[in-house]
Amino acid sequence: MIYLDNAATTYPKPEKVYEAIMDCMKNYCANPGRAGHKLAMKAARGIYDARENVAKLFNIDNPMNIVFTNNATDSLNLAIKGVVKKGDHIITTSMEHNSVIRPIKALENKGIENTIVQCNKEGFLNVEDIKKAIKSNTKLIVTTHASNVCGTLIDIKSVGQVAKENNILYLVDASQTAGVYNIDTKEINVDMIASPGHKCLLGPQGTGILYIREGLAIDVLKEGGTGSKSEDLFQPDLVPDKYESGTHNTSGIVGLNEGVKFIFEKGIDNIRIHEEELCQYMLDKLEEIPNIVIYGPKDSKKRAAVISINIGGMDSGEITFLLDSEYDIATRSGIHCSPLAHKTLGTLEQGAVRFSLGYFNTKEEIDLAIKALKDIADNNI
C-alpha cells in the first residue's frame, strides 16, 4: 500500500520504535514509579529519558514541564479546561480541529465565552484579527500551528507576541508540526504546547505530550495514584505527577522516545525539507489534472505536507474508496474532524480528499497517486 494518511497517524514508524516497544513489553514493563525493584526502576528511567528528549526537542530546560498524556485530545482538554474559569474569554480560529473547538464550546455551559476568529479561504490567519478579538476578560488564545485539512501554517510567533503584550496565555496545537517544524520555546512566546506522539513525533498511538511553562499552574482533570506522596489524601502538587495520575503507557512512551531520537538523528530541518519538497512536487503535479481543485496555498513553505483536493463535483468519499480499492493508496476523505475549517475553505458539504505526506514517502509514490487521480478524473468526465 502507498500510505498517504500521515496526518491521521504516521506510518510506518522507525524500526527502533517497534524494537523499543517490544523490548519493554517483554523484558521490563513493570509499573514505573510504584516500586523500587529493578524492573520498575528501569521502566521509570525509560519514561524520564523520553521526558528529557521531548524537552530537548522544544528547547525546554526543565523536563518536568513535559506531561505525558494519551493523545493530543487529552493534552488540549487539560490545557484549555485547566486555565479558565467562569467569566473568562477564549480566542481561537476557524481552522481548528474539534479537539480544540469542542472543549471550548463545552465551556460555554460554565459561563466561559469564546470568539472564533475567521481565517481566509486559504486558511491563513490575520494576526490583527486576533488583536481585535481581545476583551478585558480574555484569558487564553488557542491556535493550531498547521491545519489538519489543508496544511496552512499559522504564524505562531506573531500570535505569541500578541498574547505576551496583552498578558494572555497562549496554547499551540502542534499536532501536525511537532517533529517537523522547529518550535523553540525560547524564541516563541508560548505557555503550552499540545501534541500527539503518534503523528510527526513518529511514536505509537496512545501517547501524547503537553508542555506547561515553568511556573504556570493549571487545574487537574483527574486525581488518583501518582506514586508520590501516597500518604496524602489530596492530589500532590508535584509537576508532572499532579497531571499524570494512573499507570503510564510505559511501552508507548519508550517507543515515542525512539521516534524523537530518530528526529534528532535525521535532523528536524532535513525532515522538514524532505516533506516540503514532496509537498511542492505533488502540488505542481496536481495542477496537470483537469477539473481538480486544490485547497490552501500553492507554496509548500506556507503549509505543512497536508494536501486536500476535490475532482469537480465528485463525492470525496468515492474518490478515497477508489484510491484504496483500485490503486491501494490510503487517503482520508470527509470533514477530518474539522467542520469549521471546511466551512472556511468552502468544502463543508462536499468534504475533501486529503493526502498527507510523511518522511518515509517518495516521489515515486506521489507519481503513482497522480496517475491514479488522472484515471479517476478521466473516468468522471
Side-chain angles (χ1 to χ4, degrees), residues 1 3 5-60 62-75 174-175 178-180 193-211 224-228 238-241 243-268 270-271 274-275 330 358-361:
M1 171 175 279
Y3 185 83
D5 194 22
N6 290 283
T9 195
T10 51
Y11 177 84
K13 308 296 182 183
E15 195 61 33
K16 286 185 178 179
V17 172
Y18 302 123
E19 292 171 359
I21 294 169
M22 186 62 69
D23 178 47
C24 177
M25 289 298 294
K26 288 176 67 177
N27 297 317
Y28 66 94
C29 201
N31 205 317
R34 303 301 197 272
H37 57 73
K38 295 183 183 69
L39 295 188
M41 295 299 287
K42 185 172 182 179
R45 282 195 297 271
I47 288 175
Y48 185 74
D49 189 47
R51 217 183 289 278
E52 283 193 312
N53 281 319
V54 172
K56 179 181 174 183
L57 184 68
F58 295 102
N59 198 14
I60 296 162
N62 185 1
M64 295 306 182
N65 292 329
I66 297 296
V67 176
F68 285 121
T69 65
N70 293 328
N71 45 52
T73 300
D74 264 7
S75 300
S175 294
V180 176
I193 300 170
S195 173
H198 66 96
K199 295 188 182 182
C200 303
L201 294 179
L202 303 174
Q205 295 171 353
T207 59
I209 65 106
L210 176 65
Y211 158 67
T226 60
S228 55
L238 299 172
V239 177
D241 298 29
Y243 305 117
E244 293 182 350
S245 292
T247 299
H248 290 86
N249 176 7
T250 306
S251 58
I253 292 170
V254 298
L256 170 60
N257 190 29
E258 289 301 325
V260 173
K261 289 197 283 187
F262 180 88
I263 293 165
F264 292 148
E265 177 189 333
K266 298 300 178 183
I268 194 168
N270 293 328
I271 292 172
H274 173 71
E275 292 195 10
Y359 179 74
F360 294 105
N361 289 125

I'd like a table of donor-acceptor pairs (distance under 3.5 Å, sequence neighbours excluded) in which one partner is a side-chain atom from residues 246-254, with atom names and distances.
{"residue": "T247", "atom": "OG1", "partner": "N31", "partner atom": "ND2", "Å": "3.0"}
{"residue": "H248", "atom": "NE2", "partner": "E244", "partner atom": "OE1", "Å": "2.7"}
{"residue": "N249", "atom": "OD1", "partner": "G252", "partner atom": "N", "Å": "3.0"}
{"residue": "N249", "atom": "ND2", "partner": "G206", "partner atom": "O", "Å": "3.1"}

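- Scanning for salt bridge (Lys or Arg N to Asp or Glu O under 4.0 Å) contacts around E275 gives an empty result, with sequence neighbours left out.
- When every heavy atom of A72 is checked against every heavy atom of S195, the shortest pair comes out as CB-C, 3.8 Å.
- Between L256 and P204, the closest heavy-atom pair is N-CD, 3.6 Å.
- Smallest separation of non-hydrogen atoms from P63 and A55: CA-CB, 3.8 Å.
- In this structure, the side-chain contact (heavy atoms from CB on, under 4.5 Å) partners of A174, at least two apart in sequence or on a different chain, are V172, T177, A178, I183, I193.
- Remark: N257 engages D49, N53 in a side-chain hydrogen bond (donor to acceptor under 3.5 Å, both in side chains) (not counting sequence neighbours).
- Taking F360 as the reference, F262 meet the ring pair (Phe, Tyr, Trp, His ring centres under 6.0 Å) condition, with sequence neighbours excluded.
- Residues meeting the side-chain hydrogen bond (donor to acceptor under 3.5 Å, both in side chains) test with T207, sequence neighbours left out: none.
- Judged purely by atom type and a 3.5 angstrom limit, S75 uses its side chain to pair as donor or acceptor with the backbone of I209.
- The side-chain contact (heavy atoms from CB on, under 4.5 Å) search around A330 returns M1, Y3, not counting sequence neighbours.
- Contacts of N71 classified as side-chain contact (heavy atoms from CB on, under 4.5 Å), with partners at least two apart in sequence or in another chain: T73, D74.
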Check step by step if side chain to side chain contact (heavy atoms under 4.5 Å, CB included) holds for F68 and I47. CA-CA 9 Å; F68 285 121; I47 288 175; 3.9 Å; yes

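- To the nearest 0.5 Å, atoms CD (E258) and CD1 (I21) are separated by 9.5 Å.
- Remark: the backbone N or O of I66 is paired with a side-chain donor or acceptor of R51 at under 3.5 angstrom.
- Using a 4.5 Å cut-off on side-chain heavy atoms (C-beta onward), L201 and L57 make contact.
- Contact check for Y359 versus L202: no side-chain heavy atoms found under the 4.5 Å cut-off.
- Considering only residues two or more places apart in sequence or on other chains, N270 meets the side-chain hydrogen bond (donor to acceptor under 3.5 Å, both in side chains) condition with none of them.
- Taking all atoms of both residues into account, the shortest heavy-atom contact from A35 to M41 is O-SD, 4.0 Å.
- Between A30 and A40, the shortest heavy-atom contact is CB-N, 3.6 Å.
- Contact record, N6 with G358: ND2-N, 3.4 Å, taken as the closest heavy-atom pair.
- A distance of 12.5 Å separates CD in E52 from CD1 in I60, rounded to the nearest 0.5 Å.
- Residue pairs satisfying the side chain to side chain donor-acceptor pair (under 3.5 Å) criterion with at least one member in residues 12-21, sequence neighbours excluded, are listed as follows: T10-K13.
- Counting only heavy atoms from C-beta outward, the side chains of H198 and Y11 never approach each other to under 4.5 Å.
- Among pairs with a residue in residues 197-208, none fulfils salt bridge (charged side-chain N to carboxylate O under 4.0 Å, His left out), at least two apart in sequence or across chains.
- Scanning for side-chain hydrogen bond (donor to acceptor under 3.5 Å, both in side chains) contacts around S228 gives T226, D241, with sequence neighbours left out.
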